[in-house]
Amino acid sequence: MKIMVNGTAQETAAPTLAALIDEMGLGAAKVATAVNEGFVPASQRAATLLTDGDRIEIVAPRQGG
Amino acid sequence: MPVFYDTEVTSRLMLGTAQYPSPTILAEAFRRSGAGIATVSVRREAGGGRAGQAFWEMIRALGVHVLPNTAGCHSVREAVTTAQMARELFDTNWIKLEVIGHADTLQPDPFGLVEAARILSDDGFDVFPYCTEDLVLCERLVEAGCRVLMPWGAPIGTGLGLNNIYGLRSLRAHFPDLPLVIDAGLGLPSQAAQAMELGYDAVLLNTAVAKAGDPAAMAQGFARALEAGRLAFEADPMPPRDMAAPSTPVFGKALL
């Protein structure tokens, strides 16, 4: 299926958000996630099924003012 | 020292973490100023996730309180989702809530700000709203659950100082017991001292320090100005007057 990850279109076979995170090598990383503009807590990533056209955001700590 | 949501901080300086020439200089700015709170953000992470981890470890090593922001958010939904992601990432209920209303001035959208503040307060967040000095807006924010207010001095990144002294003084008078922080627009330590002299509890700045030729020295300069300004406020300054009045006694002057 085709999804958007951080604004970039990408193909994935990952069935869940947790699987996608693992596929991207972010399984152990300090990241937070949102699907279709809604926050998905880490505890719910494994139960969050991905569907074609989903918009995923994966963020991490950064500098800020 | 100020108390934000039942947490007493050790400094009146809240310092941003962006735009420094290097992580070492950032750390030195915190060390020399004794800033007690660091603002941070959340941004997209690429594969591998090392950038976020490295930054987080550096911030943790500073040993200060962390205040995540919702910088760059223009809608309530964006700000709320960003706050929720920040809470999980940084493991804190504190959130510096920015809902930007105009791209040129980066001024807050007061309507979206109140709505987002209510949603987040109801969800257990401790909201630090980046707001204007408008009294009605500030009253609405307090009604929405905010127990700290952070009016701007001037637009973000301008270094213009306190643009509306009357409004800021008036706000202080209306909320004598609420922690008030000048957030954004400061460029010089004298402006931070002025905020203290008005009775403000703290200042939050980033660009003025990070973009100085010597950021660590400037951070220390701000810390000293805050101390001086606060001492002056607590010392009950003399009222200004229009007419001159001699300080040296007139009586006893020789007739020459």
Side-chain angles (χ1 to χ4, degrees), chain A, chain B residues 14-20 23 26 38-60 66-72 75 77-78 80-91 96 98 106 123 130 156-157 183-184 204-210:
Chain A
M1 73 188 121
K2 198 169 205 174
I3 59 172
M4 297 287 282
V5 178
N6 286 348
T8 304
Q10 113 179 22
E11 278 289 336
T12 184
T16 66
L17 182 58
L20 176 72
I21 300 282
D22 280 341
E23 188 182 281
M24 293 177 65
L26 293 170
K30 192 169 182 63
V31 292
T33 50
V35 176
N36 301 332
E37 292 81 48
F39 171 58
V40 178
S43 59
Q44 288 175 28
R45 284 179 203 154
T48 301
L49 300 176
L50 298 183
T51 56
D52 200 52
D54 275 348
R55 298 176 302 282
I56 319 291
E57 291 288 338
I58 304 169
V59 299
R62 282 292 190 283
Q63 296 81 356
Chain B
M14 302 157 76
L15 203 49
T17 57
Q19 302 181 302
Y20 290 81
L26 186 163
T39 54
V40 294
S41 74
V42 301
R43 287 293 180 263
R44 285 170 167 173
E45 184 68 302
R50 288 191 191 87
Q53 188 68 42
F55 174 70
W56 174 236
E57 280 165 15
M58 185 193 64
I59 293 300
R60 239 184 354 189
V66 172
L67 177 61
N69 68 29
T70 63
S75 73
R77 175 152 200 187
E78 255 187 308
V80 167
T81 301
T82 301
Q84 290 167 330
M85 292 193 290
R87 175 160 66 177
E88 184 177 271
L89 270 183
F90 295 105
D91 195 25
K96 172 183 161 179
E98 291 186 34
L106 299 180
D123 191 22
Y130 162 62
I156 297 171
D183 177 10
L204 196 170
L205 47 99
N206 190 154
T207 311
V209 164

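Note that this is a predicted model, so its numbers are computed, not measured.
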Let's test your reading of the structure: which of G38(A), A32(A), A28(A), P41(A) forms the most heavy-atom pairs below 4.5 Å with chain B? A32(A)

What distance separates K30(A) NZ from E45(B) CD, expressed to the nearest 0.5 Å? 11.5 Å

Rounded distance (nearest 0.5 Å) linking atom CD of E88(B) with atom CZ of F39(A): 4.0 Å

Residues, nucleotides or ligands: over 12 heavy atoms within 6.0 Å of D91(B) CG: no

Between [options], who has the most heavy-atom pairs with chain A when the cutoff is under 4.5 Å?
| options | answer |
| --- | --- |
| F90(B), Y20(B), F55(B) | F55(B) |
| V40(B), L205(B), V42(B), T17(B) | T17(B) |
| G52(B), A51(B), G16(B) | G52(B) |
| V80(B), T81(B), I59(B) | T81(B) |

Listed by residue number, which members of residues 9-17 of chain A have a heavy atom under 4.5 Å from any heavy atom of chain B? none

Proximity of residues 53-65 of chain A to chain B, residues having a non-hydrogen atom under 4.5 angstrom: E57(A), I58(A), V59(A), A60(A), P61(A), R62(A), Q63(A), G64(A), G65(A)

Chain A contact via E78(B) - which portion, at a heavy-atom distance below 4.5 Å: neither

Engaged part of A86(B) at the chain A interface, taking heavy atoms whose separation is under 4.5 Å: neither

Check whether T8(A) gets within reach of chain B through its side chain, its backbone, both or neither, counting any heavy atom under 4.5 Å. neither

side-chain contact (heavy atoms from CB on, under 4.5 Å) partners for A46(A), two or more places apart: A18(A)

Residues at least two apart in sequence or cross-chain that pass side-chain contact (heavy atoms from CB on, under 4.5 Å) with L106(B), listed by chain then number, are I100(B), I156(B)

